[in-house]
Amino acid sequence: MLNILAAAAMTMSTIIIPPGGAPGDTPPPDHITIDVVTVNGSGCPAGTAAVAVSPDNKAFTVTYSEYMAQVGVGAKPTDFRKNCQLNLRVNVPQGFTYGIAQTDYRGFGHLERGASGVQRASYYFQGMSDTRRKTHTYKGPLSDDWQATDKVEVAAIVYHPCGERRNFNINTELRVAAGSSDPKKTTSFMSMDSTDGAIETTYRFSWKRCP
């Protein structure tokens with residue numbers, strides 16, 4: 001079990017909360033912490049995923065160090081697909097609740113001509129059917145950083161129920177297919193990892209006051 005505590009504090013002279021419990025990007029004044037309760041998947045072996053809250057409490061990031069799917073020379077038959085499932089406990093100050101307004105995924109890809117890659121993600125609160133599922137496809141030739149942004153309309157943001165304790169689940173997946181490329185002579189891959197912490201997935205909060 002990976003259990004990483006990430007904390008950030010913010011000091012503000014004036015905190016403006018949208019009226020009537022309306023959603024907004026102004027975070028609560030007190031610090032937020034996130035506990036990684038469980039982490040499972042071929043893309044995030046124990047000790048290779050880290051979570052941190054941004055200094056302004058407006059987002060949190062997930063950084064991976066061994067998240068790569070590949071096909072071709074040097075790849076194992078099962079390497080074409082990698083996935084990661086994170087179960088997080090987001091601890092927010094009393095009187096506030098949160099949803100996810102935007103997610104930014106980043107990584108690096110090298111796809112030979114004829115090959116393709118897929119990045120897929122979903123997230124939801126434990127015990128709730130509401131979820132966000134997005135798929136992004138990339139085609140070779142490609143050898144560059146890649147980025148995918150999923151933005152949620154304000155009316156569609158799903159918030160953690162006030163007064164309840166429900167963990168936040170994140171499921172991500174990378175797939176690579178050789179297609180018409182020659183896997184006996186070439187290697188294609190997509191990664192969502194970073195050895196220097198510069199590449200990370202960012203989840204941007206939307207905040208509301210509880211009734």
Side-chain angles (χ1 to χ4, degrees), residues 2 36 38-51 59-88 99-126 128-153 156-158 168-204:
L2 176 66
V36 181
T38 59
V39 55
N40 294 291
S42 55
C44 52
T48 66
V51 177
F60 70 91
T61 59
V62 182
T63 305
Y64 306 94
S65 60
E66 294 185 17
Y67 202 153
M68 183 172 71
Q70 60 179 334
V71 294
V73 179
K76 299 176 183 178
T78 57
D79 285 346
F80 78 97
R81 176 185 179 273
K82 292 298 178 71
N83 75 300
C84 183
Q85 299 177 336
L86 296 175
N87 182 274
L88 308 178
I100 302 299
Q102 180 176 312
T103 309
D104 301 315
Y105 302 95
R106 297 180 178 87
F108 184 85
H110 176 82
L111 301 174
E112 295 289 332
R113 185 178 299 276
S116 62
V118 171
Q119 181 266 329
R120 182 176 290 120
S122 66
Y123 54 82
Y124 61 94
F125 293 111
Q126 191 170 14
M128 297 177 63
S129 59
D130 297 295
T131 188
R132 299 289 302 181
R133 293 188 179 91
K134 292 289 184 179
T135 299
H136 301 274
T137 302
Y138 303 85
K139 296 185 180 298
L142 170 71
S143 189
D144 201 353
D145 293 334
W146 60 266
Q147 179 174 343
T149 296
D150 298 331
K151 194 170 184 178
V152 185
E153 295 295 330
I157 296 175
V158 178
F168 186 60
N169 293 285
I170 299 172
N171 298 321
T172 56
E173 178 184 349
L174 289 177
R175 285 178 180 261
V176 177
S180 60
S181 67
D182 188 350
K184 295 181 180 180
K185 298 180 180 179
T186 63
T187 301
S188 293
F189 68 87
M190 284 193 67
S191 70
M192 197 155 52
D193 61 15
S194 172
T195 56
D196 61 5
I199 300 177
E200 57 198 9
T201 300
T202 304
Y203 296 84
R204 304 185 188 281

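Computed from a predicted structure; not experimentally measured.
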Revision key, fill the gap. For S42 and R81 the tightest heavy-atom approach is OG-O, 3.9 Å
Review point. Do W146 side-chain atoms and S191 backbone N/O form a donor-acceptor pair below 3.5 Å?
Key: yes
**Study point:** T172 and Y67: side chain donor to acceptor below 3.5 Å
**Key:** yes
Point to revise | Side-chain heavy-atom pair I100, F60 within 4.5 angstrom cut-off | key: yes
Revision key, fill the gap. Taken to the nearest 0.5 Å, the spacing of Q147 CD from F108 CZ works out to 14.5 Å
**Study point:** Flag side-chain contact, heavy atom, 4.5 Å: V118 against L174
**Key:** no
Exercise for review: Could you label the plane-to-plane angle of the Y123 and Y203 rings as parallel, tilted or perpendicular, counting under 30° as parallel and over 60° as perpendicular?
Suggested key: perpendicular
**Study point:** Minimum-distance pair of heavy atoms, taken over all atoms of L86 and V39
**Key:** CD2-CG2, 3.3 Å
Check your understanding: Mind checking whether E66 and C44 have side chains closer than 4.5 Å, heavy atoms only?
Key -> no
**Study point:** S181 side chain vs G114 backbone, donor-acceptor pair below 3.5 Å
**Key:** no
Practice item. Return the orientation label for the F168 and F125 ring planes: parallel under 30°, perpendicular over 60°, tilted otherwise. Key: tilted
Exercise for review: Check step by step if side-chain contact (heavy atoms from CB on, under 4.5 Å) holds for V71 and D79.
Suggested key: CA-CA 7 Å; V71 294; D79 285 346; over 6 Å; no
Revision key, fill the gap. Heavy-atom nearest pair, V176 first then A69, reads CG2-O, 3.4 Å
Review point. Looking at side-chain heavy atoms only, is the closest gap between M128 and V158 below 4.5 Å?
Key: yes
Practice item. Examine distances only and state if a side-chain atom of T187 and a backbone atom of V73 form a donor-acceptor pair shorter than 3.5 Å. Key: yes
Exercise for review: State, without any angle test, whether D104 and Q102 hold a side-chain donor-acceptor pair at a distance under 3.5 Å.
Suggested key: yes
Review point. Strictly by modelled atom types, are D144 and H110 linked by a side-chain donor-acceptor pair under 3.5 Å?
Key: no
Point to revise | Pairwise distance CE(M68) to CE(M190) - rounded to 0.5 angstrom | key: 12.0 Å
Review point. Do the non-hydrogen side-chain atoms of T201 and M192 ever get within less than 4.5 Å of each other?
Key: yes
Review point. Where do E112 and D182 land on the side-chain contact (heavy atoms from CB on, under 4.5 Å) test, with the steps shown first?
Key: CA-CA 9 Å; E112 295 289 332; D182 188 350; over 6 Å; no
Review point. Please walk me through it: do T61 and V51 pass side-chain contact (heavy atoms from CB on, under 4.5 Å)?
Key: CA-CA 6 Å; T61 59; V51 177; over 6 Å; no
**Study point:** Value rounded to 0.5 Å, distance of CG in L142 from OG in S116
**Key:** 11.0 Å
Practice item. Report the C-alpha distance between F80 and R175 in whole Å, list the side-chain angles of each, state the deciding distance to 0.1 Å, and finish with yes or no for side-chain contact (heavy atoms from CB on, under 4.5 Å). Key: CA-CA 6 Å; F80 78 97; R175 285 178 180 261; 3.5 Å; yes
**Study point:** Worked check of salt bridge (charged side-chain N to carboxylate O under 4.0 Å, His left out) between E173 and K82
**Key:** CA-CA 6 Å; E173 178 184 349; K82 292 298 178 71; over 6 Å; no
Check your understanding: Given R120, which of T135, N83, N171 fulfils the side-chain hydrogen bond (donor to acceptor under 3.5 Å, both in side chains) condition?
Key -> T135
Review point. Within a strict 4.5 Å, meaning less than it, do heavy atoms of the K151 and T103 side chains meet?
Key: no
